[in-house]
Structures are given as C-alpha cells and as structure tokens.
Amino acid sequence: MTKVAFWYDRPQEYSGGLNYMRNLLHAIAAVRDPGIEPYVFFGHKVDAKIVEGFHPLATVVRTAILDRKSLPWFAHKLAFRLFGSLVMVKVALRRHGIAIVSHAETVYGRRSPLRVIGWIPDFQYLHLPDMFPGLDTVAQTERLLEIVAGTDAIVLSSHAALQDFRRIASEASAERATVLQFVSQPNERLLGSADDPARRRAIEDKYEFRGPFFFLPNQFWLHKNHAVVFEAVRLLARQGVEVLVLCTGNLRDYRLNDTSHADGLAEFVRRHTLQDRIRILGLIDYDDVLYLMRHCLAVINPSRFEGWSSTVEEAKSIGKQVVLSNIDVHLEQAPAGARYFSPDDAKGLAAILGELWSVGPQDEAHEREDAARAQLRERTIAYGRSYAELVHRLEASTRPLREGADV
C-alpha cells in the first residue's frame with residue numbers, strides 16, 4: 001500500500017485547484033487500485049464545507065502548517081527559506097506513513113525526504129505576459145525550474161502545456177513530465193434530465209429573463225475575453241437577431257484587484273442598449289450555475305488562454321453543446337460537436353450564435369447527453385489509471401534520496 005498525500009498549500013479561493021484535486025481523487029477512487037491510499041492535508045482555516053466534499057474520496061488531515069500566518073506556517077517558511085529544510089512537513093507526513101507527496105506547490109527541493117509529484121497548471125505568463133503586471137517572467141521561469149529540479153515527476157494538464165514546458169526546461173526535465181488530462185465529474189444535480197416547469201419559472205424570475213439563452217460561466221478576468229462575445233451580441237442585435245447571454249463569475253480580477261474590467265463590460269452593455277441581451281449576474285448560487293449549464297442552448301468559452309478548461313470539461317461530461325475559442329487547449333479537449341471561432345473574430349462568433357439561436361433546442365441534444373454519460377466512466381477510469389501508473393513507477397524506481405535530504 002502506497003500512501004499518497006495531496007498537500008493543499010494553495011488558497012481556498014483557488015476553486016480551480018480544489019476542483020482539479022477533487023476530480024483526480026474521484027478518478028483514483030473509480031480505479032479502485034488497492035495499492036494506493038490517498039490522503040488530503042488542509043489547514044484548519046479551510047472552510048468545513050470545502051473539506052466535507054473530500055471525505056468520501058480520501059483520508060482528510062488538518063495541520064496548522066498549512067494555516068497562512070500561523071506560528072507553524074512561519075516556522076516552516078523560515079526553515080525552508082534559510083536551510084531548504086522540510087522537516088516540519090516531513091514530521092506531519094511521516095506521522096501518517098506517507099510515501100509520496102503529490103501536487104503540492106511548496107514541497108520540493110534537494111532536501112525533500114519523500115518522492116514528490118509536482119504539478120504546473122499552465123504557462124499563461126509565457127503567452128500573455130501583459131496579464132501579469134509587475135511579474136518578472138525570467139524570475140518566474142527560474143522559480144518553476146527550481147520546483148522541477150526538486151521533484152521526481154511533473155504533471156501537466158495538456159499537451160499544449162507540455163510544449164510550453166519544453167520551451168523552458170532541459171531535455172532531462174522534460175522526460176520527467178507526464179500529461180494527465182483531467183475529467184470533470186458533474187454534480188448529480190447537473191445530471192438531472194427532467195425540466196421542472198416550476199423550477200424554470202423560479203430561475204427566470206430570480207434572474208429576470210425569459211426563454212432560451214446561452215451561458216458564459218467564466219470569471220471576469222481580462223484573458224477570459226468576454227468582450228468578443230459582447231461585440232458578437234451587438235452585431236446580431238444590429239441584424240435584428242436578439243439572442244440572450246447569461247454571464248456568471250467573479251467580477252473582481254485578482255490581477256488588477258478591482259472590478260474595473262467588469263465595470264467596462266457593463267458600460268459597453270449600457271452604451272449599446274443590450275441590457276435585455278446580456279445579463280451580467282456575477283457570483284450566484286452553485287445550484288443555479290448547475291441549472292443554467294444544464295438548460296442553456298450552449299456553453300460559451302471565448303478565453304484567450306486556458307490550462308485545461310473546467311468549464312469545457314463539465315460541459316463535455318454532460319454532453320452539452322459548446323462554442324469555443326480555437327486556442328490549442330480547447331482544440332485538444334475536443335468536445336463532441338464543438339463549434340470554434342477565433343478569439344478576435346466577433347463576426348464569426350455572431351454567425352455561430354445566430355445559427356444555434358435560429359435552430360433552438362434540438363432533439364439530438366438528449367442523444368448527445370446519453371453518449372456523454374456512457375463515456376464518462378470510461379474516461380474517468382483512464383484518467384485514474386494514468387495517475388496510478390505514475391505512482392507505481394515512482395514507487396518502483398531506485399532513485400536514492402536527494403543529496404542532503406532531511407531524513
């Protein structure tokens with residue numbers, strides 16, 4: 001039995017990281033490999049509702065080392081910064097017989113006494129450096145390579161990310177990279193096929209709309225590229241085609257630390273009198289997000305960059321029609337029946353949305369949903385097996401502890 005620890009040292013606000021870890025643990029559970037026993041380590045400050053979702057999938061452990069600005073957290077940071085020591089992490093992990101640390105951001109280095117699987121979600125800073133004001137891209141690359149040097153394997157979420165990795169890493173480091181394309185597990189409430197008229201009326205009243213709609217569930221960050229969708233809607237309105245797009249997501253751009261981008265988009269809507277065509281809903285109840293995704297005409301993702309889009313994977317897992325920017329990762333994800341457009345081509349997007357709007361809900365949508373459900377378990381098990389094979393390869397390897405390891 002190999003005990004694998006997922007050491008969650010990222011902010012709990014990083015919902016993408018939490019969803020990623022939950023999906024991976026679900027895949028591991030689906031494989032039912034008796035040789036792997038997963039553990040998840042959280043700080044005491046992480047919301048109990050978040051932690052609750054991991055209990056069916058792994059043994060959950062709380063540790064103050066992961067509580068930002070706590071005394072143990074400061075002590076660990078100081079020991080690592082001054083001496084490269086992971087002694088506090090080692091004590092916490094060895095107490096539970098952990099052999100491998102997986103997907104941690106801060107557990108690495110020559111002094112690591114355990115085998116380490118690193119994870120780099122994406123290399124967005126290489127493609128869109130303007131989105132990271134004040135970031136030294138050279139220093140960021142050096143930091144990533146330092147992490148790589150202190151791990152036994154690196155997990156990437158796409159072959160597009162692997163190509164980026166090869167741009168900055170040595171050939172030897174690139175050989176230790178493994179692509180694991182995660183599979184989203186739709187919530188059971190998202191899978192419900194029956195459309196309750198009362199529920200539909202309640203949702204429409206709550207968000208003040210009627211009839212069919214497109215759904216754009218992206219955070220309001222600059223690279224998510226809402227602007228091309230809004231311009232496409234404006235072009236359609238000029239042609240007399242009045243589609244409806246519902247937009248949900250955080251209005252605050254964490255890089256700008258304000259809502260100026262979302263405010264600018266709202267001003268565009270007002271200036272062109274599109275209030276009845278574009279609804280900016282912001283953060284809404286998760287159950288309502290699930291409902292809107294399940295019952296929209298299509299999910300739109302116009303992003304200029306993604307690591308491996310959770311939105312696309314969720315739509316893919318339930319067989320929902322998607323309209324996507326033709327970036328490399330979206331093409332790699334390849335949902336059935338996807339429609340693609342250039343991130344700068346509002347006219348091309350308008351043509352796609354206009355066509356889907358004129359056709360409306362289609363009977364074959366149910367067939368697409370049934371096919372997606374049938375394929376979901378197969379895709380999930382393939383994902384889980386790929387990860388299990390990586391764990392077993394590391395366990396079987398004869399790599400000695402790194403020089404100077406803190407044993």
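Residue numbers count from 1 along this sequence.
- Note on residues 45-66: no pairs pass side-chain hydrogen bond (donor to acceptor under 3.5 Å, both in side chains), not counting sequence neighbours.
- In this structure, the side chain of His330 engages the main chain of Ser325 through a donor-acceptor pair within 3.5 Å.
- For the 3.5 Å distance criterion, the side chains of Tyr20 and His103 qualify, holding a donor opposite an acceptor.
- The aromatic rings of His272 and Phe268 are tilted relative to each other, their planes meeting at an angle between 30° and 60°.
- Residues Leu292 and Leu246 form a side-chain contact, since some pair of their non-hydrogen atoms from C-beta on lies under 4.5 Å apart.
- No more than 12 heavy atoms of other residues, nucleotides or ligands shown are found within 6.0 angstrom of CD on Glu378.
- Judged purely by atom type and a 3.5 angstrom limit, Asp33 has no side-chain atom pairing as donor or acceptor with the backbone of Ala388.
- For Phe305 and His127, the gap between ring centers is short of 6.0 Å.
- Taking every heavy atom of both residues into account, Val40 and Phe42 meet most closely at CG1-CE1, 3.2 Å.
- Considering all non-hydrogen atoms of both residues, Ser309 and Val329 come closest at N-CG1, 4.4 Å.
- Using a 4.5 Å heavy-atom cutoff, the side chains of Arg176 and Val148 are in contact.
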Exercise. Could you check Leu331 against Tyr340 for side chain to side chain contact (heavy atoms under 4.5 Å, CB included), going step by step and ending with a plain yes or no?
Key: CA-CA 8 Å; Leu331 294 172; Tyr340 294 98; 3.7 Å; yes

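- Minimum heavy-atom separation, Asp253 to Phe220: CB-O, 4.0 Å.
- Using a 30° and 60° split on the angle between ring planes, His96 and Phe41 fall in the perpendicular class, above 60°.
- Here CG of Leu222 is found 9.0 Å from CG of Leu128. Values are rounded to the nearest 0.5 Å.
- When the side chain to side chain contact (heavy atoms under 4.5 Å, CB included) test is applied to Gln140, the partners found at least two apart in sequence or on another chain are Tyr125, Leu135, Arg143, Leu144.
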Donor-acceptor contacts under 3.5 Å from residues 77-84 side chains, at least two apart:
none

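- Minimum heavy-atom separation, Ala5 to Ile98: CB-CG2, 3.5 Å.
- Judged purely by atom type and a 3.5 angstrom limit, Ser157 has no side-chain atom pairing as donor or acceptor with the backbone of Gly307.
- The backbone N or O of Gln333 sits less than 3.5 Å from a side-chain atom of Lys316, completing a donor-acceptor pair.
- The CG atom of Leu265 lies 10.5 Å from the CZ atom of Arg270; values are rounded to the nearest 0.5 Å.
- Between Val391 and Ile36, the closest side-chain pair of non-hydrogen atoms falls below 4.5 Å.
- At a threshold of 4.5 Å between non-hydrogen side-chain atoms, the residues His159 and Gln181 count as touching.
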Exercise. Evaluate side chain to side chain contact (heavy atoms under 4.5 Å, CB included) for Leu126 paired with Ile168, printing each intermediate quantity in order.
Key: CA-CA 10 Å; Leu126 292 177; Ile168 66 171; 4.0 Å; yes

Practice problem: Starting from the C-alpha separation in whole Å, work towards a yes-or-no answer on side chain to side chain contact (heavy atoms under 4.5 Å, CB included) for Arg339 and Val322. | Solution: CA-CA 6 Å; Arg339 304 290 297 272; Val322 289; over 6 Å; no

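- Note: Ile300 CD1 to Leu216 CG = 5.5 Å, rounded to the nearest 0.5 Å.
- A donor atom on one side chain and an acceptor atom on the other are not found under 3.5 Å apart for Arg373 and Ser317.
- The closest side-chain heavy-atom distance from Leu376 to Val183 is below 4.5 Å.
- Checked by atom type and distance alone, the side chain of Gln321 pairs as donor or acceptor with a backbone atom of Gly337 at under 3.5 Å.
- Residues Leu25 and Arg22 are not in side-chain contact: their nearest non-hydrogen atoms beyond the backbone lie 4.5 Å or more apart.
- Here the side chains of Ile117 and Tyr387 are in contact, with some heavy-atom distance below 4.5 Å.
- With Ser85 contributing its side chain and Val87 its backbone, the two residues share a donor-acceptor pair below 3.5 Å.
- More than 12 heavy atoms of other residues, nucleotides or ligands lie within 6.0 Å of CZ in Arg277, so this atom counts as buried by the packing criterion.
- Summarising the geometry of Leu390 relative to Ala153, their closest heavy-atom pair is CD1-CB, 3.9 Å, with the distance given to 0.1 Å.
- Listed by first then second residue, pairs satisfying salt bridge (charged side-chain N to carboxylate O under 4.0 Å, His left out) with a partner in residues 204-225 read Arg200-Glu204, Glu204-Arg210, Asp205-Arg210, Lys206-Asp285, Lys206-Asp288, Glu208-Arg279, Lys224-Glu306, not counting sequence neighbours.
- Annotation: salt bridge (charged side-chain N to carboxylate O under 4.0 Å, His left out) contacts of Glu231 (sequence neighbours excluded): Arg234.
- To the nearest 0.5 Å, atom CG of residue Leu349 and atom CG of residue Asp344 are 11.5 Å apart.
- Checked against salt bridge (charged side-chain N to carboxylate O under 4.0 Å, His left out), Asp164 has the following partners two or more places apart in sequence or in another chain: Arg167.
- Judged purely by distance below 3.5 Å, without hydrogens or angles, the side chains of Ser303 and Asn225 never pair a donor atom with an acceptor atom.
- No donor-acceptor pair under 3.5 Å is formed between the side chain of Asn301 and the backbone N or O of Leu324.
- Using modelled atom types, no side-chain atom of Thr259 and backbone atom of Ala262 make a donor-acceptor pair closer than 3.5 Å.
- Side chain of Lys320 to backbone of Arg294: a donor-acceptor contact under 3.5 angstrom is found.
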Quiz item: Do Val4 and Glu37 pass the side chain to side chain contact (heavy atoms under 4.5 Å, CB included) test, and can you show the C-alpha distance, the side-chain angles, and the key distance before you say yes or no?
Solution: CA-CA 6 Å; Val4 180; Glu37 183 177 355; over 6 Å; no

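- Within the 4.5 Å cutoff, no side-chain heavy atoms of Phe213 are placed close to those of Val245.
- Not a single donor-acceptor pair under 3.5 Å links the side chain of Asp345 to the backbone N or O of Phe341.
- Minimum interatomic distance between Tyr383 and Leu180 (heavy atoms only, all atoms of both residues): CE1-CB, 3.9 Å.
- Ring geometry for Phe182 versus Trp308: interplanar angle over 60°, hence perpendicular rather than tilted (30 to 60°).
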